[in-house]
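A short write-up of the structure that comes next.
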Amino acid sequence: MPELPEVEAAVRRFRRKAVGRTIAKVTLLHPSLQRRITPARLRAIAGATIAAVERRGKHQLIHLDDGRILLAHFRMNGDWEYGNAGDDLQRFARATIDFTDDSRITFVDSRALGTIELHAAGTLPDLGLGPDAASASWTARQLGTSLAARKGPIKPALLDQKLVAGLGNIYASEALWRAKINPRTPCNTLTAKQVSDLRKAIAAVLKRAKGTRYTDDSTVHLDVYDREGVPCRRCKTPVVRFAQAGRSTYWCPVCQRN
DNA sequence: ATAGGCCTGGAC
DNA sequence: GTCCAGGCCTAT
């Protein structure tokens, strides 16, 4: 998905539907998920109650009342769908969580790259995340310090969850466009003004996307992402696409010229 | 830094 | 068929 705003929206819905409910059964429908949790541990989830749900970067932590944690990550395509235990499985259903009140949450994920893991109480591994992109306490100054230690281009750096957690390929391009920064700029050559503009642009882009669901995709307003050849919204120059670290970058070669 | 792998679907 | 895809890990 699913970048920070979409994961945040998913977490909120999941929280509303699941907290306080008791799990009757979790079913893993796809081999890629079955490989991650043994059948015995999976069966042992029955009877646990969902205590809390939180987002860290793009990870979702589903806390059970006994301290165990279901750790979910949507990767490219995942989302939660809601229904009842008797429903027909949706296309691309990869896992179901059935509750004792017969409600059901289904993990749908067409590419099956998403993950769900179960961690025993107190055993959650380090997720390797830097400051959360949506955190108000994450400052331009902190961002500047991190960037000063890097020599590579800024755009791939924004995808590094250790630099800042939650940005993905879409909003990285969007934020750079908004801040008028060339995606090829070496991190350690950005000026203090550019770093400040970038921090503000990230906040603005995430705020605009707030509440977005992955499946509502077409309704999201984007300025450059997936707009190759389309006139830049600021200067009318056609948007250009090129690859950085194997991922598409979109930018305006005129107003992001530096 | 970059390529390949994980998976599968959709656009061409 | 071929290419591309909002993520991330591992190997080179």
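It should be emphasised that the depicted structure is a prediction, and the values quoted were computed from it without experimental measurement. The chains referred to below are lettered A, B, ... by the order of the sequence lines, with proteins before strands, and numbering in each begins at 1.
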CG of A/D109 versus P of C/dA5: gap in Å, rounded?
-> 18 Å
Mind running salt bridge (Lys or Arg N to Asp or Glu O under 4.0 Å) on A/R55 and A/D132 for me, showing each step along the way?
-> CA-CA 10 Å; A/R55 179 188 62 75; A/D132 196 276; 2.8 Å; yes
How many Å lie between CD1 on A/I170 and P on C/dC4, as a whole number?
-> 17 Å
Salt bridge (Lys or Arg N to Asp or Glu O under 4.0 Å) filter on A/R68, not counting sequence neighbours, yields A/D66
A/H30 has a side chain; which of C/dA5, B/dT8, B/dC6 sits nearest to it?
-> B/dT8
Are any of the side-chain nitrogens in A/D223 or A/R208 under 4.0 Å away from the carboxylate oxygens of its partner?
-> yes
For atom CG of A/L158 and atom C1' of C/dG6, their distance in whole Å = 15 Å
Which heavy atom of A/A93 sits nearest a heavy atom of A/T106, and at what distance?
-> CB-CG2, 3.6 Å
Identify all pairs in which a protein N or O lies below 3.5 Å from an N or O of nucleotides 1-4 of chain B, and state each distance.
none

Closest-nucleotide ordering on DNA chain B, the 5'-leading residue of A/P31 and A/R91 = A/P31
Pair A/D98 + A/R104: basic N to acidic O under 4.0 Å = yes
Should the heavy atoms of other residues, nucleotides or ligands under 6.0 Å from CZ of A/R141 be counted, would the total exceed 12?
-> no
Atom P, compared across B/dG9 and C/dC8: separation rounded to whole Å = 22 Å
What pairs of nitrogen or oxygen atoms, one from the protein and one from nucleotides 8-12 of chain C, lie under 3.5 Å apart?
from	atom 1	to	atom 2	distance (Å)
C/dC8	OP1	A/H73	NE2	2.7
C/dC8	OP2	A/K58	NZ	3.1

Taking atom P of B/dT8 as reference, at what distance in whole Å does atom CE of A/M76 sit?
-> 14 Å
A/Y171 side-chain N/O to C/dG6 phosphate OP1/OP2 under 4.0 Å = no
Below 4.0 angstrom from OP1 or OP2 of B/dG10, is there any side-chain N or O of A/S110?
-> no
What is the distance from CZ of A/R227 to C1' of C/dG6, rounded to the nearest Å?
-> 17 Å
Minimum side-chain heavy-atom gap A/F74-A/D79 below 4.5 Å = yes
C/dG6, C/dC4, B/dT8: which one has an atom nearest the side-chain heavy atoms of A/R241?
-> C/dC4
Rounded to the nearest angstrom, tell me the gap between atom CG in A/N77 and atom C1' in B/dG9.
-> 8 Å
Take the protein atom CD1 of A/I116 and the nucleotide atom P of B/dC6, then report the distance between them rounded to whole Å.
-> 21 Å
Rounded to the nearest Å, what distance is computed from the CG atom of residue A/L29 to the C1' atom of nucleotide B/dC7?
-> 15 Å
Verdict with supporting geometry, A/R178 and A/E174, salt bridge (Lys or Arg N to Asp or Glu O under 4.0 Å) = CA-CA 6 Å; A/R178 195 175 183 98; A/E174 291 292 310; over 6 Å; no
Would A/D101 and A/R21 pass as an ion pair if we require N to O under 4.0 Å?
-> yes
With C1' as the reference atom in both, quote the distance from C/dG1 to B/dC6 in angstrom, rounded to an integer.
-> 22 Å
Base-pairing assignment for C/dC4 (Watson-Crick or G-U wobble, both under 3.5 Å) = B/dG9
So A/W80 and A/F107, would you call those rings parallel, tilted or perpendicular, with 30° and 60° as cut-offs?
-> tilted
